[in-house]
Every structure is written in structure tokens, then in C-alpha cells.
J.: 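Please see the structure below; I have some questions.
Residue numbers begin at 1 in each chain, while the letters A, B, ... track the order of the sequences.
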Protein chains: 2
Amino acid sequence: MTKRVAAAGPGSSREKILEVAEELFARQGFAGVSLADVASRVGLRKPSLFHHFPGKVALYAEVCEGVLARIAARVRPALDAPGLASLRLERAIGSLIDELAEHRGTARLLLRSLLEDDLFSAEDQARLVPLDRALAELVQSFQELLREGIESGEFRRVSLPDATQTVIGATVYHFASGEFGETLLGGPIFSAEAVARRKREVTAFIRAGLIDETAPLKSEGD
Amino acid sequence: MTKRVAAAGPGSSREKILEVAEELFARQGFAGVSLADVASRVGLRKPSLFHHFPGKVALYAEVCEGVLARIAARVRPALDAPGLASLRLERAIGSLIDELAEHRGTARLLLRSLLEDDLFSAEDQARLVPLDRALAELVQSFQELLREGIESGEFRRVSLPDATQTVIGATVYHFASGEFGETLLGGPIFSAEAVARRKREVTAFIRAGLIDETAPLKSEGD
DNA sequence: GTCTATACGATGATAGAC
DNA sequence: GTCTATCATCGTATAGAC
């Protein structure tokens with residue numbers, strides 16, 4: 001109630017800054033973005049940014065939190081739903097891919113944020129704690145789903161962290177791979193066809209690699 | 001013969017610069033590294049670097065080329081060997097993981113280089129062409145291996161680019177994931193146990209997801 | 001309360017003199 | 001090969017105009 005300073009309307013400077021910064025951070029990384037560039041694209045002067053954000057790291061943190069919140073909002077329904085773990089897993093991965101495909105900077109921003117842990121000082125890292133916690137929560141829900149599937153006998157007894165990493169690699173890395181990925185595909189990554197094919201391939205791969213087809217009921221030995 | 005200016009011995013400034021720069025570029029990315037930092041760690045002043053390299057981008061390009069060359073040297077034997085595609089594939093992935101595990105900055109540097117295509121001007125990109133070509137060659141050999149395996153009936157009829165991306169994600173991304181990966185694993189990424197487990201998990205995943213166990217000979221229908 | 005002008009200290013890459 | 005010098009630009013602080 002007392003948090004918001006004012007009812008900053010849609011299209012306000014604050015939102016435009018976040019929008020522009022999201023694109024730039026995704027494309028050029030934290031260190032590669034200058035606040036002057038952000039400001040000029042918004043149509044402001046550099047120091048004006050400091051009336052909305054206390055500093056570059058705070059802006060970056062808020063951008064990342066927003067992106068992660070969008071992902072979480074999209075993936076959580078599938079993760080938290082009742083039902084077969086294998087179905088929920090496929091729905092969750094499908095939702096994740098949809099989100100990464102619709103907002104083209106998302107995968108890059110997210111992947112970059114994982115690589116930029118050596119760039120921040122101790123007090124800067126404090127600003128990134130909420131981001132880390134939100135990410136940890138999402139990952140934990142995902143691992144919980146894997147664990148349930150293993151216990152119910154739907155999934156093989158894979159290593160939870162390794163399976164998580166493999167899924168992240170197959171989704172986030174792919175849509176972050178930019179020019180390299182497009183050279184590989186021989187065409188755009190984000191076209192409807194390419195996204196649909198990626199979803200099929202990842203789903204098939206996960207299904208074959210994770211789901212234990214030989215033990216559909218309760219068998220545990222091999 | 002006429003290329004080398006002098007017989008710069010081992011431990012020369014040039015080699016020390018490359019070594020230090022490799023570590024810093026891996027940890028902080030291209031934009032996050034200052035030449036002053038590189039110089040001071042080598043025991044030089046900033047401008048002295050320019051007597052060894054024409055500029056920051058050239059230094060970066062040479063570092064990346066060296067890292068990729070190490071990988072290629074390690075992976076090529078398995079790729080180019082005769083024999084069953086599935087065996088060669090597993091050996092190649094094993095070699096790749098060994099290389100990524102032994103030189104801890106390698107995965108990060110490589111992954112970052114894929115994300116940093118928006119940071120360079122046209123003439124800067126020209127300096128990165130050899131790197132791109134070397135990478136393309138390696139990827140092409142890998143895809144060739146996949147293609148052979150599909151044609152011989154060993155592998156499922158997966159999308160070559162998508163399967164390649166999945167393997168890169170499962171290997172390069174994993175070993176680049178730094179603090180996040182360690183939080184996930186609950187321990188170090190590069191410990192002997194973690195590396196061995198990763199290799200097992202990836203191999204099992206690839207085996208299940210790629211290799212067509214149901215058609216060991218020539219069947220093509222489903 | 002929102003934005004701008006000006007300016008500071010630090011650091012960026014690079015030139016030219018020893 | 002190395003250092004002194006230079007100049008643009010970095011993120012940030014302050015003071016004031018709408």
C-alpha cells in the first residue's frame with residue numbers, strides 16, 4: 001500500500017526504461033550496456049535514469065526479476081498441477097519454450113545472468129539476492145516434479161541436478177544461441193516452424209531419456 | 001617461416017598475456033575485462049599489450065581460437081575415427097567433457113563467445129571470422145557423424161541441428177553454469193565425482209534419446 | 001515529483017616519445 | 001619493449017528548471 005510512490009501509468013518513463021534496458025542487457029550483457037545508451041533510446045538524458053533507479057545494478061536486477069517472473073507465471077501452472085508427472089513435465093517444458101520464443105531476449109538475458117556471477121561486488125550481489133531466490137524456487141519446483149516422477153516409477157532414476165541442467169541447456173541455451181544457432185539451423189531460430197520443431201525434438205528427447213517406458217507401473221529393479 | 005617475428009620462448013610476455021586474458025575473458029566476458037587488469041596481472045603497463053596485439057578484439061579472437069583449437073584437438077580423433085557411429089559419438093562427447101573439465105574457463109569462454117555477437121562492429125567481426133570458421137568445421141564434423149549414424153540405422157531420425165544444440169547445451173552450458181550449477185549440484189561442478197557423474201548422465205541421456213534400440217539393423221518404419 | 005545541465009573521478013582504448 | 005600522455009566515455013553526484 002505504501003510501497004508505490006505514485007500510480008505511474010502505462011507507458012511511463014519507468015516502464016520504457018525497463019523495456020529498453022531489457023533488450024540491451026539481453027543483447028550486450030551487463031558490462032556491455034551503457035546507461036547513456038539506455039537513456040538516449042528512451043529519449044532521456046543519462047542522469048534522469050537515476051530518478052527512477054538508484055544505479056545500474058538495481059536496474060539490471062529489476063529487469064532480470066521481471067523476466068523471471070514472466071517465465072514463472074507461465075511455467076508454474078504446469079508444475080503445480082495435479083496429475084501424471086510426465087504430462088506436467090511436458091506441459092512445463094512446452095510453456096517454457098513458448099515463453100522463450102515469444103520474448104526473444106529472454107533466453108539470452110537469463111543465460112547471461114548465470115554467467116555474470118564474477119562481475120559484481122559484495123554489495124552489488126546483495127541486490128541480486130531476490131533474483132537468486134526466485135530462480136531457486138522455480139528450480140526447486142521443477143526438481144520436485146522430477147522427484148515425484150521418479151518415486152512413482154514414471155521416470156528413470158536420473159540425477160535431479162543433472163537432469164535439470166540438461167533441460168535448461170536444451171531450452172534456454174538453444175534460444176539464446178543467436179547467430180550461431182541460426183547458422184546451425186540454416187534459418188531463423190524464432191520462426192514458428194523452428195520453435196515447433198524444437199519443441200518436438202526436446203519433448204521426444206526428454207521422453208526417451210527420462211521416461212521409463214519399460215516400467216509403466218511400479219517396477220523398480222532392472 | 002616468415003610469420004613469426006622472433007622465436008618467442010615459453011613463458012614469454014605474449015604467452016603470459018594470452019593465459020591471463022583467457023582466464024579473465026572467461027570469468028568476466030569481453031566487455032567486462034579491462035586491459036589494465038590484464039596488464040597488471042602480467043606485470044606490465046597497459047600500453048605494452050599493444051606491442052603484442054593490435055587491440056582488444058584481436059587479443060580476444062586469439063584467445064578464443066586457442067581454446068577452440070584445444071577442444072578440436074581433443075575431439076577430432078573420435079569424430080574422424082572409423083567404426084560405429086554410436087561409439088564414436090560417445091567417445092567424442094567424453095573427450096569434450098574431459099577437456100571442458102580440465103580447463104575450467106573453457107566452457108564459459110566458449111558459451112560467452114556465442115552470446116557476444118551483438119557487441120562487435122563490422123571490422124571487429126572480421127577478426128572473428130577464423131574463429132567462426134573453425135567452430136563451423138568442428139560442428140560440421142559432428143553433424144556428419146550424426147548423419148552417418150542415422151543413415152546406418154543406429155540413430156533415430158532426429159533433426160541434426162537440434163540434436164547438435166542439445167549436446168552443446170548438455171556439455172558446454174553445464175560446465176559454464178558456475179555458481180548456479182554449484183548451487184544446483186550442492187557441490188563443486190569440477191570435482192572428479194561431479195565430472196564423472198555428468199559424463200554418465202549425458203551419455204545415458206544421449207543413448208536413450210538418440211540411439212534407436214528398437215531397430216539395431218535396418219528398420220525404418222515406426 | 002520529473003527531468004536536465006554540468007561536472008567529477010575513474011577507467012576505456014590508443015599514440016607517440018624514450 | 002616499455003612508459004608518459006591523451007582523450008573519449010564510463011557510472012555517478014549535485015543543483016536547479018519545469
J.: Distance check needed: D:dT2 P versus B:Lys16 NZ, whole Å only.
T.: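 Taking NZ of B:Lys16 and P of D:dT2, I get 12 Å after rounding.
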J.: For B:Glu99, run the salt bridge (charged side-chain N to carboxylate O under 4.0 Å, His left out) check against B:Arg104, B:Lys199, B:Arg70 and tell me which one passes.
T.: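 Only one of B:Arg104, B:Lys199, B:Arg70 forms a salt bridge (charged side-chain N to carboxylate O under 4.0 Å, His left out) with B:Glu99, namely B:Arg70.
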J.: Just say parallel, tilted or perpendicular for the rings of B:Phe25 and B:Phe30, cut-offs at 30° and 60°.
T.: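 Answer is parallel, since the angle falls under 30°.
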J.: Between the side chains of B:Glu23 and B:Arg27, is the shortest nitrogen-to-carboxylate-oxygen separation below 4.0 Å, so that they form an ion pair?
T.: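 A salt bridge is present here (some side-chain N lies under 4.0 Å from a carboxylate O).
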J.: Does a donor on one side chain and an acceptor on the other come within less than 3.5 Å for A:Gln165 and B:Ser177?
T.: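 The answer is yes; a qualifying pair exists.
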J.: Would you mind building the protein contact string for nucleotides 3-18 of chain C? One character per nucleotide, 5' to 3', B for base within reach (heavy atoms under 4.0 Å), S for sugar-phosphate only, - for untouched.
T.: BBBB-----SBBB---
J.: Can you name the one residue among B:Leu35, B:Val38, B:Leu49, B:Asp124 that meets side-chain contact (heavy atoms from CB on, under 4.5 Å) with B:Lys56?
T.: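 Checked B:Leu35, B:Val38, B:Leu49, B:Asp124 against B:Lys56; only one passes side-chain contact (heavy atoms from CB on, under 4.5 Å): B:Leu35.
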J.: Reading DNA chain C 5' to 3', what string of ( ), [ ], | and . shows its pairs, if Watson-Crick and G-U wobble pairs count only when both distances fall under 3.5 Å?
T.: |||||||||||.||||||
J.: Less than 4.5 Å apart, any side-chain heavy atom of B:Arg108 and any of A:Asp118?
T.: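 Heavy-atom side-chain distance check passes, below 4.5 Å.
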J.: Determine, for A:Glu201 against A:Arg198, whether the closest basic-nitrogen to carboxylate-oxygen distance falls under 4.0 angstrom.
T.: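 Salt bridge absent between A:Glu201 and A:Arg198.
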J.: Provide the closest heavy-atom pair for B:Ile189 versus B:His174 in the form atom of the first, atom of the second, distance.
T.: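 Here B:Ile189 and B:His174 meet closest at CD1-O, 3.8 Å.
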J.: Starting at atom CZ of A:Phe53, determine the distance to atom C1' of C:dT2, rounded to an integer number of angstrom.
T.: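 These atoms are roughly 14 Å apart.
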